[in-house]
S.K.: 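My structure is below; once you've seen it, I'll send some questions.
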2 protein chains.
Amino acid sequence: MKTPKISEAVIRRLPVYLRYLQYLREMNITTVSSHELGQNLDMNPAQIRKDLAYFGEFGRKGIGYDVQYLIEKIKQILKLDRRLNVALVGAGNLGTALSNYRRFTNEKLKIVGIFDKFSEKIGKKIGPLQVQSLDKLSEMVKELDIKIGIITVPASEAQSVADLMIRSGIKGILNFAPVILKVPPEIPVRNADVTTELESLAYYIE
Amino acid sequence: MKTPKISEAVIRRLPVYLRYLQYLREMNITTVSSHELGQNLDMNPAQIRKDLAYFGEFGRKGIGYDVQYLIEKIKQILKLDRRLNVALVGAGNLGTALSNYRRFTNEKLKIVGIFDKFSEKIGKKIGPLQVQSLDKLSEMVKELDIKIGIITVPASEAQSVADLMIRSGIKGILNFAPVILKVPPEIPVRNADVTTELESLAYYIE
DNA sequence: TAGATTGTTAATCGATTAACAATC
DNA sequence: TAGATTGTTAATCGATTAACAATC
């Protein structure tokens with residue numbers, strides 16, 4: 001919490017640690033060293049120790065890290081210990097897939113509204129939710145205190161959806177559309193475009 | 001092509017440039033400077049010039065880059081000028097969404113086989129393809145010269161699917177499952193786990 | 001020509017890794 | 001205690017940015 005200035009690279013590794021720690025907990029493993037973590041996550045142990053040390057002293061010299069304790073600490077750091085509501089815009093194939101994504105259901109991070117522009121999509125049931133008109137977004141963001149928006153509309157619509165999200169009070173965006181969004185600097189954006197990933201992979205083939 | 005050693009960061013930016021150049025071409029814009037690219041992609045112009053200069057001299061001093069020519073060159077670099085067949089394993093919601101992903105259809109990068117372990121999924125039609133048994137993967141990889149595998153199975157299955165893909169001759173993996181896969185060092189892997197992205201986004205909220 | 005913009009070298013900045021004292 | 005492992009400083013490595021000569 002008393003953080004000098006943590007780089008994004010560090011923050012992006014924390015969920016990876018968290019995920020593996022949760023796996024260890026399922027295996028009833030109670031303690032782990034940075035060396036073991038490094039082996040399994042294919043990372044340098046010094047980097048793992050350094051990443052964690054930005055936020056506090058979570059380990060014990062000569063012993064390692066308590067799995068359960070470290071899970072709790074990382075959750076605190078990432079703010080996954082409190083409820084965080086998410087809206088998804090674009091009820092197509094990908095949007096539907098994400099809405100049904102199992103892992104969200106258990107977690108504090110939860111999709112609480114699905115929106116679409118097209119009337120043929122509106123009213124459609126996806127899991128426990130009904131697709132709503134995009135016109136309702138702003139109202140629902142306020143009502144449900146939605147903080148994060150997921151964009152799964154076509155590239156041509158993405159910027160206007162992002163603008164609407166930000167006007168509505170959303171504080172961060174996960175963007176699946178293949179465009180670089182223009183947003184104010186205080187709004188974090190994560191791009192998760194599949195095509196980009198595949199295309200960069202192509203380079204390494206052969 | 002006569003490349004000293006290009007960092008992954010550079011390679012990952014090329015598809016972003018490509019995408020924006022294709023957008024410019026659609027707008028009938030024929031020439032662009034690194035400065036304009038930088039403005040629109042929120043990047044440093046020097047970085048863009050340097051990235052491109054690893055692969056050749058594509059611009060003209062005092063003028064900028066020819067959009068069409070640069071598109072072709074980047075496609076060549078990324079090997080998107082030749083056909084590259086892709087197999088997808090896991091015909092759930094996400095797998096179905098990706099298989100229907102419009103952009104793949106036009107491109108050289110093409111999903112040519114969809115596989116699943118579960119008999120209730122097998123035979124199901126997704127776009128022009130029918131879901132096949134996972135047992136057929138190896139055979140099809142050889143028959144269709146499939147080079148890339150996309151994994152959209154649950155975390156618990158992902159490693160064994162990756163192993164099977166590699167044994168079958170697949171050369172690169174795009175992994176949507178929330179695990180770090182163990183693969184030989186010569187096999188490139190891209191992780192595209194949505195949960196990880198969302199969790200790192202949570203850190204920046206409030 | 002004058003203005004613009006590349007390609008590239010040099011300078012800066014930041015991130016990763018090694019090393020080790022502290023200590024369980 | 002002896003062995004193991006953390007937290008952290010220092011060293012290394014790599015990536016980004018600035019600057020500018022070349023040139024369209």
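We name chains A, B, ... by the order of the sequence lines, and we start the count at 1 in each one. Only a predicted model underlies this, so the values are computations on that prediction, with no experimental measurement involved.
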S.K.: Please report the distance, rounded to the nearest Å, between CD in B:E8 and P in C:dT16.
M.R.: 13 Å
S.K.: Under 4.0 Å between a Lys/Arg side-chain N and an Asp/Glu carboxylate O for A:K171 and A:E186?
M.R.: no
S.K.: Side chain of B:N44 only, please: which of C:dT17, C:dT6, D:dT17 is the nearest?
M.R.: D:dT17
S.K.: Picking from C:dT8, C:dC24, C:dT16, which would you name as closest to the side chain of A:K50?
M.R.: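 Nearest listed nucleotide: C:dT16.
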S.K.: Starting at atom CG of B:D51, determine the distance to atom C1' of D:dT17, rounded to an integer number of angstrom.
M.R.: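 Checked: the CG to C1' distance equals 12 Å.
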S.K.: Do B:E197 and A:R12 sit within salt-bridge range, that is, some charged N less than 4.0 Å from a carboxylate O?
M.R.: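 Yes, B:E197 and A:R12 are salt-bridged.
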S.K.: Quick check on DNA chain C: between A:I63 and B:A53, whose nearest nucleotide comes earlier from the 5' end?
M.R.: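 This one resolves to B:A53.
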S.K.: Nearest whole angstrom, please: distance from the P of C:dT6 to the OH of B:Y17.
M.R.: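 After rounding, the reported distance stands at 12 Å.
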S.K.: So, do A:R83 and A:K147 sit near enough that their side-chain heavy atoms are less than 4.5 Å apart?
M.R.: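 A side-chain contact is absent here, since even the closest heavy-atom pair is not under 4.5 Å.
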S.K.: Of the nucleotides D:dA18, D:dT5, C:dG7, which has the atom closest to the B:A46 side chain?
M.R.: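 It is D:dA18.
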S.K.: Atom OH of A:Y54 and atom C1' of D:dT9: how far apart are they, to the nearest Å?
M.R.: 12 Å
S.K.: So, does B:Q159 use its side chain to make a donor-acceptor pair with the main chain of B:K182 at under 3.5 Å?
M.R.: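 Yes.
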S.K.: For the pair B:N191 and B:T196, evaluate side-chain contact (heavy atoms from CB on, under 4.5 Å) and give the outcome as yes or no after the intermediate values.
M.R.: CA-CA 10 Å; B:N191 290 299; B:T196 304; over 6 Å; no
S.K.: Just the rounded figure in Å: distance from P of C:dA15 to CD of A:Q47.
M.R.: 11 Å
S.K.: So, is B:S34 near the phosphate of C:dT6, with a side-chain N or O under 4.0 Å from OP1 or OP2?
M.R.: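 Indeed, a polar side-chain atom of B:S34 lies that close.
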S.K.: Let me spell it out: for each of A:M43 and B:G62, pick the nucleotide of DNA chain C with the closest heavy atom. Which residue's pick is nearer the 5' end?
M.R.: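 Its nucleotide being nearer the 5' end, the pick is B:G62.
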S.K.: If only side-chain N and O atoms of B:R13 are considered, is one of them under 4.0 Å from the OP1 or OP2 phosphate oxygen of D:dT16?
M.R.: yes
S.K.: Where the side chain of A:K61 is concerned, which of C:dT23, C:dT8, C:dT6 is the nearest nucleotide?
M.R.: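 Among C:dT23, C:dT8, C:dT6, the one nearest the side chain of A:K61 is C:dT23.
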S.K.: Could you check how far NE2 of B:H35 sits from P of C:dG3, rounded to whole Å?
M.R.: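 Rounded to the whole Å, the gap is 17 Å.
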S.K.: May I ask you to establish whether B:K79 and A:Y203 are in a cation-pi arrangement, using a distance under 6.0 Å from NZ or CZ to the six-membered ring centre and at most 45° from the ring axis?
M.R.: yes
S.K.: Could you give the CD1-to-P distance, from A:I48 to D:dT5, as a whole number of Å?
M.R.: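 Interatomic distance, CD1 of A:I48 to P of D:dT5: 13 Å.
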S.K.: For B:Y65 and C:dA4, is the shortest distance between a side-chain N/O and OP1 or OP2 below 4.0 Å?
M.R.: no
S.K.: In whole Å, what is the span from the CD atom of B:E36 to the P atom of C:dT5?
M.R.: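 About 7 Å, once rounded to whole Å.
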S.K.: Spell out, as yes or no, whether a donor-acceptor pair under 3.5 Å connects the side chain of A:E36 to the backbone of A:S33.
M.R.: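 At least one qualifying donor-acceptor pair exists.
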S.K.: Using a heavy-atom cut-off of 4.0 Å across all strands, would you classify B:E57 as base, sugar-phosphate, or nothing?
M.R.: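 It contacts sugar-phosphate atoms only.
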S.K.: Applying a 4.0 Å non-hydrogen cut-off, can you work out what B:R49 is touching in the nucleic acid: base, sugar-phosphate, or nothing?
M.R.: base
S.K.: B:R60 versus B:Y65: any side-chain heavy-atom pair under 4.5 Å?
M.R.: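 Sidechains of B:Y65 and B:R60: no contact.
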S.K.: Please, what dot-bracket string fits DNA chain C when only Watson-Crick and G-U pairs with both distances under 3.5 Å count, crossing ones use [ ] and pairs to another strand use |?
M.R.: ..||||||||||||||||||||||
